[in-house]
K.L.:
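I'd like to ask you about the structure that follows.
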Amino acid sequence: METPSSENVVVAIDGPAASGKSTVARTLARRLRFAYINTGAMYRAVTWHALENGGTEAAEEVIARLQEARLCCVIEDAESQFTINGADPTPHLLTEPVNLNVSRISAIPEVRKMLVALQRESARGRDVVMEGRDIGSAVFPETPYKFYIDASLEVRARRRERQGLLDAIGQRDSQDSSRRTSPLAIAEDSHVIDSSHLTIDGVVGEVIGRLKLKGLALRSDL
Ligand code: DC
């Protein structure tokens with residue numbers, strides 16, 4: 001797979017489920033005035049599509065149906081909006097069937113290939129904060145701005161509970177970390193932040209401080 005060299009800034013935010021990375025990435029993007037791209041939502045959307053169209057059991061069939069589908073990612077109001085065959089999957093993304101199947105679907109190399117191409121395309125020509133599992137390690141490995149947001153399993157499970165969501169995050173963690181293609185891993189040059197006892201603003205502040213230290217030119221009010 002070709003890795004693009006981007007003249008635009010890519011801030012990569014990776015981490016396990018419920019580590020707070022989505023809120024951090026969205027808040028950070030707003031403060032930087034960059035576009036926010038949520039790649040987990042893309043894997044969730046294709047999982048929903050598979051569940052709606054014949055199921056997730058046979059990888060070959062999942063791939064074939066996905067190859068026939070129209071996958072589209074546009075940036076609206078500075079956030080990624082992903083559609084499949086024109087349908088908006090947003091209401092289905094956090095449902096239990098999707099939670100249960102998304103790690104398996106995202107472990108299929110062909111699925112990753114399609115979505116990574118779309119993720120790179122979505123970042124073309126703009127500055128972005130992109131969150132996921134493999135942004136710093138595989139999607140934009142050349143970006144100097146890589147962060148890994150972590151939190152203890154207990155804290156993460158409590159966060160999901162408070163959101164009222166059923167999500168076996170320990171199981172997803174181990175599936176996401178043990179898959180063969182682009183597993184969840186801490187990129188060597190990534191800055192790790194443990195968010196267990198930090199507020200969102202605390203984490204965002206640490207990221208901005210680090211970006212400045214790395215020499216990224218930011219607006220003077222940041
Ligand atoms: O960030 P999230 O919990 O919404 O992600 C849902 C699943 O998608 C996650 O369990 C693994 C997969 N994923 C991935 O494999 N690669 C990414 N870049 C983002 C998510």
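Indexing begins at 1, ligand by ligand and atom by atom, following the structure's order.
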K.L.:
Using atom types as modelled and distance alone, determine if a side-chain donor or acceptor of Arg159 lies under 3.5 Å from a backbone N or O of Ala18.
P.N.:
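Checked: pair present.
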
K.L.:
List the atom pairs, with distances to 0.1 Å, where a side-chain N or O of residues 51-64 and a protein N or O form a donor-acceptor pair under 3.5 Å, not counting sequence neighbours.
P.N.:
unit_1 : atom_1 : unit_2 : atom_2 : d
Asn53  : ND2    : His49  : O      : 2.7
Thr56  : OG1    : Asn101 : OD1    : 2.9
Thr56  : OG1    : Arg104 : NH2    : 3.0

K.L.:
Output the distance between atom OG (Ser177) and atom CZ (Arg179), rounded to the nearest 0.5 Å.
P.N.:
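These two atoms lie 8.0 Å from each other.
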
K.L.:
List the residues meeting salt bridge (charged side-chain N to carboxylate O under 4.0 Å, His left out) with Glu121, not counting sequence neighbours, and say none if there are none.
P.N.:
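Partners of Glu121 under the salt bridge (charged side-chain N to carboxylate O under 4.0 Å, His left out) test: Arg124.
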
K.L.:
With a 4.5 Å limit on heavy-atom distance, are the side chains of Thr27 and Thr23 in contact?
P.N.:
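Answer yes - side chains close enough.
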
K.L.:
Under a 4.0 Å heavy-atom cut-off, which residues neighbour ligand 1?
P.N.:
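Close residues (ligand 1, cut-off 4.0 Å): Lys21, Thr39, Gly40, Tyr43, Arg44, Val102, Ser103, Ser106, Arg112, Gly132, Arg133, Asp134, Arg172, Asp176, Arg179.
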
K.L.:
Hey, could you give me each pair passing salt bridge (Lys or Arg N to Asp or Glu O under 4.0 Å) that has a residue in residues 75-102? Not counting sequence neighbours.
P.N.:
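Every pair satisfying salt bridge (Lys or Arg N to Asp or Glu O under 4.0 Å) with a residue in residues 75-102: Arg26-Glu79, Arg30-Glu79.
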
